[in-house]
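In what follows, every chain begins at residue 1, and chains take the letters A, B, ... in the order their sequences are listed.
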There are 2 protein chains.
Amino acid sequence: MLSKKTKYGLKALTYIARSEDDMPVQVGEIAKSEQIPQKFLESILLTLRKAGFLGSKKGKHGGYYLRKQPSEIIMADVMRILEGPIAMVPCVSLNFYEKCEDCPNEDQCTVNKLMIQVRDSTLKVLRNTTLEDLSAKS
Amino acid sequence: MLSKKTKYGLKALTYIARSEDDMPVQVGEIAKSEQIPQKFLESILLTLRKAGFLGSKKGKHGGYYLRKQPSEIIMADVMRILEGPIAMVPCVSLNFYEKCEDCPNEDQCTVNKLMIQVRDSTLKVLRNTTLEDLSAKS
DNA sequence: ATTAATCCTATCGATTTAATAGGAATTACA
DNA sequence: TGTAATTCCTATTAAATCGATAGGATTAAT
């Protein structure tokens, strides 16, 4: 299951990408428009800022803005920050690899084999989709 | 994350498929060989039986056996029973569809669009992989 | 009968998730 | 210079889920 954190994060990124002004977008505005609990959204945008996707401006008339072009914000990267590993099993994760305690030899593990395939097919999609694709109006 | 239930279930199915005799395979044997808590495995195999993948024989010399050819046991179906929906979001699920409470119009939801693509690519793999593929010795 | 297996239900502890609360730090602007 | 508005940060909580365990009921072979 996709967490609400990720769902909200993706919606917020899309919202910001679509806002045409140069003005930073405020959390309250996004929260209201997308029906997201404001305090929860605050923490999500903070995470996205720390990860380098967003910049922020504090104080009155502050808010968040994109730090890269939408075409350079790749879904695989966003998902890893918000949702964690793409892989369904740590022993198959590229960025968060961990050996299974059970499972003596990974090479012969059938779950491993299957999940590598799932991971690769998912990655193919997520690497080829950017925020630009998401925020395209059509 | 793949649940342990699913992981254990897949390993057990593979184990049973590989056992060459006609004899039913006992839970205890699988649990020992695959390092799975026996009671937990019991409940998993029960689920797989109720879903029609396995048959069972009770009492002494009892155990579990496949009810279909391994080539007819499709991973997408197994995953749906053990793990639940393939889709990461209910509003994108083929078999477990649910509308989101937020999100007024699904057609325009960018999360929806992205998750449809992820779902389709995952399904492609899971529909084309059977227990025969998993249990192939090579 | 006895033994050995599946079957079934209930429960428990740990973890994770979604959300809330409260306030500190910073900035715009009157 | 002070006030309002905003991001920033930490802690806490309620609910759900997960993994595992417990205890026994049922069934079948010998």
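- The salt bridge (charged side-chain N to carboxylate O under 4.0 Å, His left out) analysis of residues 58-72 of chain A, with sequence neighbours excluded, yields no pairs.
- Contacts of C109(A) classified as side chain to side chain contact (heavy atoms under 4.5 Å, CB included), with partners at least two apart in sequence or in another chain: C103(A), V111(A), N112(A), K11(B).
- By the 4.5 Å heavy-atom criterion applied to side chains, R119(B) and L123(B) are counted as neighbours.
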I'd like a table of donor-acceptor pairs (distance under 3.5 Å, sequence neighbours excluded) in which one partner is a side-chain atom from residues 74-83 of chain A, with atom names and distances.
unit_1	atom_1	unit_2	atom_2	d
E83(A)	OE1	S3(A)	N	3.2
E83(A)	OE1	S3(A)	OG	2.8
E83(A)	OE1	T6(A)	OG1	2.3
E83(A)	OE2	S3(A)	N	3.3

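- Within residues 33-56 of chain A, the residues approached by DNA chain C to less than 4.0 Å at the level of any non-hydrogen atom are P37(A), K39(A), F40(A), in residue-number order.
- Shown for residues 1-16 of chain A: residues whose heavy atoms fall under 4.0 angstrom of DNA chain C, namely S3(A), K4(A), K5(A), Y8(A).
- Residues meeting the side chain to side chain contact (heavy atoms under 4.5 Å, CB included) test with T110(A), sequence neighbours left out: T14(B), R18(B), L134(B).
- Atom CD of E106(B) has more than 12 heavy atoms from other residues, nucleotides or ligands within 6.0 Å.
- Of all nucleotides in DNA chain C having an atom under 4.0 Å from a heavy atom of chain A, the first and last in 5' to 3' order are dA18(C) to dC29(C).
- For the side chain to side chain donor-acceptor pair (under 3.5 Å) test, no residue two or more places apart in sequence or in another chain qualifies with S56(B).
- Counting heavy atoms from C-beta outward, K113(B) and D133(A) have side chains that stay 4.5 Å or more apart.
- Follow the hydrophobic side-chain contacts under 4.5 Å out from V118(A) and you never reach L114(B); the two are in separate clusters.
- Scanning residues 23-31 of chain B for heavy-atom distances under 4.0 Å to DNA chain C yields Q26(B), V27(B).
- The stretch residues 46-71 of chain B participates, sequence neighbours left out, in no ring pair (Phe, Tyr, Trp, His ring centres under 6.0 Å) pair at all.
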Show me the donor-acceptor pairs within less than 3.5 Å that the side chains of residues 25-37 of chain A make with the rest of the protein, sequence neighbours left out.
unit_1	atom_1	unit_2	atom_2	d
E29(A)	OE2	Y15(A)	OH	2.6

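- S71(B) pairs by the side chain to side chain contact (heavy atoms under 4.5 Å, CB included) definition with Q69(B), E132(B), not counting sequence neighbours.
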